[in-house]
Amino acid sequence: QVQLQESGGGLVQPGGSLRLSCTASGSTLDDYAIAWLRQAPGKEREEVSCISSALADSNTYYSDPVKGRFTISRDTAKNTVYLQMDSLEPSDTAVYYCATPLGPCNWSNEYANWGQGTQVTVSS
């Protein structure tokens, strides 16, 4: 029953930054592991980051392509999970989604809930 809404996408030049937001309705995101996924035309859907539930210590995980450039975090007061994206590259261009994994942050690529997505375009 949790409903997710992404925002913060846009057009940015290489090397620039964006902060994506994932806001929940109907539940608190602290109770969930939250993953950020991306889908680019002609490419497989890719999970790029995950943060475990608050009960599971809000541990953070990153895929190799974004490691060191992206940061996932929680703001309990705003019921929001963020994805701070720095040093953006053209290969980061995709629609970005937040989603609740069926299990813990384990790269399973199976999700129970997801949002509408937000477009990130890095010019080249």
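Along the sequence shown, residues are numbered consecutively beginning with 1. Owing to the predicted nature of the structure, the values given are computational and were not obtained by experimental measurement.
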(message) According to a hydrophobic-cluster definition based on side-chain heavy atoms being under 4.5 Å apart (Ile, Leu, Val, Met, Phe, Trp, Tyr only), do Y97 and V66 belong together?
(response) no

(message) Would you say that V95 contacts E6 through its side chain, given a criterion of any heavy-atom pair below 4.5 Å between the two side chains?
(response) no

(message) Check the orientation of F70 and Y96. Use parallel for under 30°, tilted for 30 to 60°, and perpendicular for over 60°.
(response) tilted

(request) May I ask you to test the Y82-S21 pair for a side-chain heavy-atom distance under 4.5 Å? (result) yes

(message) Give me the atom names and distance for the closest heavy-atom approach of S49 to Y61.
(response) OG-O, 3.0 Å

(request) Apply the side-chain contact (heavy atoms from CB on, under 4.5 Å) test between R74 and each candidate in I51, T60, T80; give the one that qualifies. (result) I51

(message) Using the rule given for side chain to side chain contact (heavy atoms under 4.5 Å, CB included), can you reason through V2 versus D31, listing the C-alpha separation, both sets of side-chain angles and the distance that settles it, and then say yes or no?
(response) CA-CA 11 Å; V2 61; D31 296 334; over 6 Å; no

(request) Test T23 against K78 for side chain to side chain contact (heavy atoms under 4.5 Å, CB included), laying out the working first. (result) CA-CA 8 Å; T23 302; K78 294 184 172 65; over 6 Å; no

(request) Check whether any side-chain heavy atom of V81 lies under 4.5 Å from a side-chain heavy atom of W36, and answer yes or no. (result) yes

(request) Say whether N109 and Y111, considering side chains only, have a donor N or O and an acceptor N or O under 3.5 Å apart. (result) yes

(message) Surrounding CD of Q84 (heavy atoms of other residues, nucleotides or ligands, distance under 6.0 Å), is the total greater than 12?
(response) yes

(message) One pair to check against side chain to side chain contact (heavy atoms under 4.5 Å, CB included): L88 and Q13. What are the steps and the verdict?
(response) CA-CA 8 Å; L88 283 163; Q13 67 185 58; over 6 Å; no

(message) If only side-chain N and O atoms count, and only distance matters, is there a donor-acceptor pair under 3.5 Å linking D86 with S17?
(response) yes

(request) Answer yes or no: is there a side-chain heavy-atom contact under 4.5 Å between C50 and P101? (result) yes

(request) State, to 0.1 Å, how close Q39 and E44 come at their nearest heavy-atom pair, and which atoms those are. (result) NE2-C, 3.8 Å

(request) Using the side chain to side chain contact (heavy atoms under 4.5 Å, CB included) rule, take V48 and S63 through it: C-alpha gap first, then chi angles, then the decisive distance, then the call. (result) CA-CA 5 Å; V48 298; S63 66; 3.9 Å; yes

(message) Ignoring hydrogens, what is the shortest heavy-atom contact between A33 and C105? Give both atom names and the distance.
(response) CB-SG, 3.9 Å

(request) Answer yes or no: is there a side-chain heavy-atom contact under 4.5 Å between L4 and L29? (result) yes

(request) Kindly give the heavy-atom pair with the smallest separation between R38 and P65, and that separation in Å. (result) NH2-CB, 4.0 Å

(request) State, with a plain yes or no, whether a side-chain heavy atom of P90 is found less than 4.5 Å away from one of P14. (result) yes

(message) Taking the side chain as everything from C-beta on, heavy atoms only, tell me whether V12 gets closer than 4.5 Å to M85.
(response) no

(request) Keeping the roles fixed (side chain from N79, backbone from A24), state whether a donor-acceptor pair exists under 3.5 Å. (result) yes

